[in-house]
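Remarks on the structure that follows.
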2 protein chains.
Amino acid sequence: MDKQKSNYHHGNLYQSLINSAGDMIQEQGIDSLSMRKLADYVGVSRTAPYHHFKDKNQLLCAIAETGFKLQDEFVSPDHSEVNHHVITVDAKDNGLQELERLVQSYIQFAITHPAHYDLMYGGKIWKQKLATESLEIASRHSFKHWLERIEEFQARKVLNQQESSLRLAQVAWATLHGLCRLTNDGVYVDNDDVLEMGKTAARMMLSNATDSSGS
Amino acid sequence: MDKQKSNYHHGNLYQSLINSAGDMIQEQGIDSLSMRKLADYVGVSRTAPYHHFKDKNQLLCAIAETGFKLQDEFVSPDHSEVNHHVITVDAKDNGLQELERLVQSYIQFAITHPAHYDLMYGGKIWKQKLATESLEIASRHSFKHWLERIEEFQARKVLNQQESSLRLAQVAWATLHGLCRLTNDGVYVDNDDVLEMGKTAARMMLSNATDSSGS
DNA sequence: CCCTTATCTTGACGGTGTCAAGTTGCATTG
DNA sequence: CAATGCAACTTGACACCGTCAAGATAAGGG
């Protein structure tokens, strides 16, 4: 019909590649993404992507970057508010509920976007120090965001104030990261289980463990 | 000289492959191990390994299995005893010291054998359900071993008795796993740091968090 | 209108996992 | 002791992969 664009020049390949690649890893996993399949999927020749990304690695970094932005939305308080519709400021439970909500948000992101999560925190990018500068910025920003939320809980005495906030943020993060990795990597079984484990983890983090039995 | 073995028949290729592959991933990482390079290294043709392993995956499973045996040594109480030469049964510290020792052992294994650790708990094997039966047995045995040690700490009231021991073992494991993954994947920085974080994690797991400042 | 420049294509190279068919030589049996 | 069977190994081939080099295409500015 009126396909006036001769499609030799695609128009906006760069964005198209990132979007399609994101879709593909979501469905097929990160390891079965190849430059050639991606190019084919978008409808260009094998090497066309190399005019927009120096490397396969640079493409992956770009995808990871969108992942961080996605995660920031998930973990931000606003998003929690939407999902759980009320923030009950009840002194009694020492903020456990809110901590649980933060934990659930983190886990929820990881298990609904496992491939992105893989990329963001997997060895593929970071181990060989191949991260793009802009990716590094995004990841640092993301951790800073996390750190602030932890400090907030420390200030409200939900989390132990005697630990260094940095250390606490790191360990808390590692805990959730471990849960998510084990789940996404298929070592654990169920997606429902991990959310329950998140609650246990939240309880474990509390500054003083009360005699809290399960829900 | 007296190389009477005509080396057309290698003799014990199976073990040789596992050993050499173990060495290679220790030096080069898991991703840069190829069947062809391995065969070349051992001194046989490209496809010789396929008479002993149906798949590359089966080779990886075999390596992972040796990893689990190695880990069991690291985490067993005997090994700790050797490294720390005295088990001080001091009631005062509520067993925190011993818990820390367990944690250190786990981390120590992960960071001294990062490639094996990758394989043992990475998605490469488990996600697509490609694990050998014998690997699955080894891994289950390993977790059972871990569970028992956690239950022991629960019985001594070092860890919370109100949590299900399974859940507690899973979460404790996930916590350490997260620390190790982040370190091995290069997201965190230092190998010394992670051991210190392990101590924080151990403190967090305690049934009642006393006013314990750092060491 | 022509020429620059960004964009995309085709061809090629070395690397990968793995299958099929052929080769070698040890071991067992007649 | 010779023939034979069988396990261990090799060579060749195929379909992928990431990526480089050289050429084709078209859009846009002089």
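This one's a predicted model, so the numbers in the text were calculated from it and none came from an experiment. Quick note on labels: first sequence line is chain A, next is B, and so on, each numbered from 1.
Within a heavy-atom distance below 4.0 Å of DNA chain D, the residues of residues 45-61 of chain B found are B:Ser45, B:Arg46, B:Thr47, B:Ala48, B:His51, B:His52.
A:Tyr41 is linked by a ring pair (Phe, Tyr, Trp, His ring centres under 6.0 Å) to nothing, counting only residues two or more places apart in sequence or in another chain. Scanning for salt bridge (charged side-chain N to carboxylate O under 4.0 Å, His left out) contacts around A:Asp31 gives A:Lys124, with sequence neighbours left out. Shown here are the side chain to side chain contact (heavy atoms under 4.5 Å, CB included) partners of B:Ala110, two or more places apart in sequence or in another chain: B:Tyr117, B:Cys180, B:Asn184. Take B:Arg140 and apply the side chain to side chain contact (heavy atoms under 4.5 Å, CB included) test, not counting sequence neighbours, and it matches B:Glu136.
Rounding to whole angstrom units, CG of residue A:Asp40 and P of C:dT10 are separated by 12 Å. At whole-Å resolution of the value, CE in A:Met35 and P in C:dT10 are 19 Å apart. Whole-Å rounding puts the B:Lys37 NZ to C:dG14 P distance at 17 Å. Summarising the geometry, the separation between CZ on B:Arg36 and P on D:dG12 is reported as 13 Å, rounded to the nearest angstrom. Atom CG in B:Asp31 sits roughly 15 Å away from atom C1' in D:dG18 (whole-Å rounding). One atom, CG of B:Asn12, and another, C1' of D:dA7, lie 15 Å apart when rounded to the nearest Å. If you measure from atom NZ of A:Lys124 to atom C1' of D:dC17, you get 13 Å, rounded to the nearest angstrom.
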Name every donor-acceptor pair, under 3.5 Å, that has one atom in a side chain of residues 17-24 of chain B and the other anywhere in the protein, sequence neighbours excluded.
from    : atom 1 : to      : atom 2 : distance (Å)
B:Asn19 : ND2    : B:Gln15 : O      : 3.4
B:Ser20 : OG     : B:Ser16 : O      : 3.0

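Across B:Ala202 and B:Glu100, no two heavy atoms sit closer than the pair CB-CG, 3.8 Å.
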